[in-house]
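Note that the coordinates shown come from a computational prediction; the quantities given were computed from them, not determined experimentally.
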Amino acid sequence: MGKETTVLLIGAGGVGTIAALNLVLGGHARVAVVLRSNYSKVANDGFHIRSIDHGEIKGWRPHKEAVLNRIPSHTEQQFDYVVVATKNIADHSPTVAELISPAVVPGRTIIVLIQNGLNIEKPFFELYPRNICLSGVSLIGSHETSPGFIEHDDPDRLIIGAFTNPNLDVAEQEDAARAFVDIYSASGKTVCTFTDNVPLHRWQKLVYNACLNTICAVTGLDTGRIRLAGDIVETLLRPAMQEIVAAAKAAGIELPEGVVDKTIHIDPLTIYLRPSMLEDVERGNLTEFENLLGEPLREGTARGVSMPTATFLYHTLKAMQWRVKEQKGLISIPPKSI
């Protein structure tokens, strides 16, 4: 494949660690990872990975000097790809697009967003108008159970395509996406495919993330208990999913027939899966509600789609986010009157 590709991966949690592992095992990429809360553990001991694709691996790291606790400047080292696998908190500054700026060479660095949600590319197009930006839709089951410990229990499937940057040649952007697919697939341990229809895959995943993920976060119930708890599926979950399907259609994306029923039952009931947003709420973390629900809601209502369930969920999550911001000292309120 020619020269070794250099990759800076930001956010080596459950998804990012398996992505880094695949890239390294493929033999065509030299990978450095940027860590935050798990930096000390991984720098000293490496990752302990239990993986359905790779087996059990103890003490893994790309190589010792490639475990970083900050984003390096491109004046120190230039990377061909900056891969972002962090949570995307759009309503809190600095944004992800702002955070990666030290590593981005204008017009050269290819940015890969292995993140959920809709319209996530827009801040990157604004800050880096001449850089290619790729979409990564991950269908993996992988979690960091404690710092440096990765449980990967559902095979890695990654769908890569190019967000269409109007400033750049379409063929050049798609070529970059295909090249990344080749690098990521080289290990033979994963299924990584190219798509020329990024919006389809992003909207399809939103049927889960904008609805089941958010409803679990609001109610405190896992995906199994949502289905066991009386009529919640028919009064809350199904209407929300139907609204997302309608919004996608209004935006020109026809989702597969039966996608709502398939998504309702996608998780085996008795694994009692706790989606990421529920975990974030219970840990007192900020959530990705703007990209997962706010953006599809805005896209749908702007086109005349009635979305009452999604509207209720969005504003409930917005209020919950405000509470977390106050608890973290990110906003202040007037003192209580005596």
*Distance in Å, His48 NE2 paired with Ile150 CD1, rounded so as to fall on 0.5 Å steps*: 10.5 Å

*asked:* Distance alone, cut at 3.5 Å: any donor-acceptor contact between the side chains of Asn44 and Tyr39?
replied: no

*In Å, rounded to the nearest 0.5 Å, how long is the span from CG of Leu8 to CG of Leu68?*
7.0 Å

*Do you know which two heavy atoms are closest between Leu99 and Pro94, and how far apart they sit?*
CD2-CG, 3.7 Å

*Shortest non-hydrogen contact from Gly300 to Ala247?*
CA-CB, 3.7 Å

*For Asn38 and Ala12, which heavy atoms make the closest approach, and how far apart are they?*
ND2-O, 3.1 Å

*Show your working on side-chain contact (heavy atoms from CB on, under 4.5 Å) between Leu35 and Asn69 and close with a plain yes or no.*
CA-CA 5 Å; Leu35 309 179; Asn69 63 357; over 6 Å; no

*If we only count heavy atoms from C-beta on, is the Leu292 to Asn213 side-chain gap below 4.5 Å?*
yes

*asked:* Donor-acceptor check, side chain of Glu243 to backbone of Thr309, threshold 3.5 angstrom: yes or no?
replied: yes

*Say whether Ser142 and His152, considering side chains only, have a donor N or O and an acceptor N or O under 3.5 Å apart.*
no

*Leu127 side, atom CG; Ile100 side, atom CD1 - distance, nearest 0.5 Å*: 8.5 Å

*Run the side-chain contact (heavy atoms from CB on, under 4.5 Å) check on Phe163 and Val198 step by step: do they pass?*
CA-CA 7 Å; Phe163 289 116; Val198 165; 3.8 Å; yes

*Checking Gln173 side chain against Ala177 main chain: does a donor-acceptor pair fall under 3.5 Å?*
no

*NZ/NE/NH1/NH2 to OD/OE distance under 4.0 Å, Arg283 and Glu279*: yes

*Side chains of Thr6 and Asp80, donor plus acceptor under 3.5 Å*: yes

*Might you work through the side-chain contact (heavy atoms from CB on, under 4.5 Å) test for Leu237 and Met241, ending with a clear yes or no?*
CA-CA 6 Å; Leu237 183 57; Met241 290 182 171; 3.6 Å; yes

*Backbone of Pro129 reached by a side-chain donor or acceptor of Asn167 within 3.5 Å*: yes

*Approximate separation, where rounding is to 0.5 Å, of Leu293 CG and Ile215 CD1*: 9.5 Å

*Do Val84 and Val112 belong to the same hydrophobic cluster, where Ile, Leu, Val, Met, Phe, Trp and Tyr are linked whenever their side-chain heavy atoms lie under 4.5 Å apart, directly or via other members?*
no

*Does a salt bridge link Asp91 with Lys325, judged by any charged N lying under 4.0 Å from a carboxylate O?*
yes

*Can you check whether Leu255 reaches Lys249 side chain to side chain, under 4.5 Å on heavy atoms?*
no

*Kindly say whether Gly117 contributes a backbone atom to a donor-acceptor pair with the side chain of Arg202 at under 3.5 angstrom?*
yes

_Leu9 side, atom CG; Ile114 side, atom CD1 - distance, nearest 0.5 Å_ = 6.5 Å

*Quick one: closest heavy-atom pair of Leu286 and Val324, and the distance?*
CD2-CG1, 3.7 Å

*Linking I/L/V/M/F/W/Y whenever their side-chain heavy atoms sit closer than 4.5 Å, directly or via other members, would Phe289 and Leu297 fall into one cluster?*
yes

*Please assess Leu212 against Ile226 for the test side-chain contact (heavy atoms from CB on, under 4.5 Å), listing each intermediate value before the final yes or no.*
CA-CA 9 Å; Leu212 193 49; Ile226 286 287; 4.2 Å; yes

_Leu313-Ile264 co-clustered via ILVMFWY side chain contacts under 4.5 Å_ = yes

_Within the 3.5 Å criterion, strictly below it, is a donor on Ser138 or Arg157 matched to an acceptor on the partner's side chain?_
no

*Side-chain heavy atoms of His54 within contact of Leu21, under 4.5 Å*: yes

*Is Arg61 positioned over the aromatic face of Phe47, cation under 6.0 angstrom from the ring centre and no more than 45 degrees off axis?*
no

*Are any of the side-chain heavy atoms of Leu168 and Ile132 separated by less than 4.5 Å?*
yes

_Distance-only donor-acceptor check, side chains His28 and Thr5, under 3.5 Å_ = no

*Asp196 side-chain N/O to Gly161 backbone N/O, donor-acceptor pair under 3.5 Å*: no

*Nearest heavy-atom pair of Pro72 and Phe79: which atoms, and what distance?*
CG-CE1, 4.0 Å

*Mind checking whether Tyr208 and Thr263 have side chains closer than 4.5 Å, heavy atoms only?*
yes

*Under the 3.5 angstrom rule, does the side chain of Tyr128 hit a backbone N or O of Ile111 as a donor-acceptor pair?*
no

*Any ion pair linking Lys262 and Glu257 (charged N to carboxylate O, less than 4.0 Å)?*
no

_Audit row: Lys122, Glu126, salt bridge (charged side-chain N to carboxylate O under 4.0 Å, His left out) steps and yes/no_ = CA-CA 6 Å; Lys122 289 185 175 181; Glu126 184 176 339; over 6 Å; no

*Stepwise side-chain hydrogen bond (donor to acceptor under 3.5 Å, both in side chains) test for Asn116 and Lys205*: CA-CA 8 Å; Asn116 292 320; Lys205 194 171 182 185; 2.8 Å; yes

_Is there a path of hydrophobic side-chain contacts, each under 4.5 Å between heavy atoms of I/L/V/M/F/W/Y residues, joining Ile159 to Val15?_
no

_Atom NZ of residue position Lys87 - does it have more than 12 heavy atoms of other residues, nucleotides or ligands inside 6.0 Å?_
yes

*Are any non-hydrogen side-chain atoms of Val137 and Ser135 less than 4.5 angstrom apart?*
yes

*Side-chain donor or acceptor of Asn22 paired with backbone N/O of Tyr184 under 3.5 Å*: no

*Is there a path of hydrophobic side-chain contacts, each under 4.5 Å between heavy atoms of I, L, V, M, F, W or Y residues, that connects Val83 with Val67?*
yes

*Report yes or no: do Gln321 and His92 form a side-chain donor-acceptor pair below 3.5 Å?*
no

_Any donor-acceptor N or O pair under 3.5 Å, side chains Asn119, Glu295_ = yes

*When you measure from the side chain of Thr190 to the backbone N and O of Asp156, does any donor-acceptor pair fall under 3.5 Å?*
yes

*Can you find a heavy atom in the side chain of Leu278 that is under 4.5 Å from one in the side chain of Glu282?*
yes

*asked:* For a quick test of reading the model, state the closest non-hydrogen atom pair linking Pro106 to Val104 and the distance between them.
replied: CD-O, 3.5 Å

_Whether Asp45 and Lys58 form a salt bridge (side-chain N of Lys/Arg under 4.0 Å from carboxylate O of Asp/Glu) is what I want to check._
no

*Roughly how far apart are Met307 CE and Tyr314 OH, rounded to 0.5 Å?*
12.0 Å

*Side-chain heavy-atom pair Trp60, Val24 within 4.5 angstrom cut-off*: yes

_Arg323 backbone acceptor or donor facing Glu326 side chain under 3.5 Å_ = no

*Hey, is the main chain of Thr86 close enough, under 3.5 Å, to the side chain of Gln115 for a donor-acceptor pair?*
yes

*How about Glu56: does its CD atom have over 12 heavy atoms from other parts shown lying under 6.0 Å from it?*
yes

*Heavy-atom count around Phe312 CZ within 6.0 Å, excluding the residue itself: above 12?*
no

*Look at atom CZ of Arg36 and say whether more than 12 heavy atoms of other residues, nucleotides or ligands are closer to it than 6.0 Å.*
no

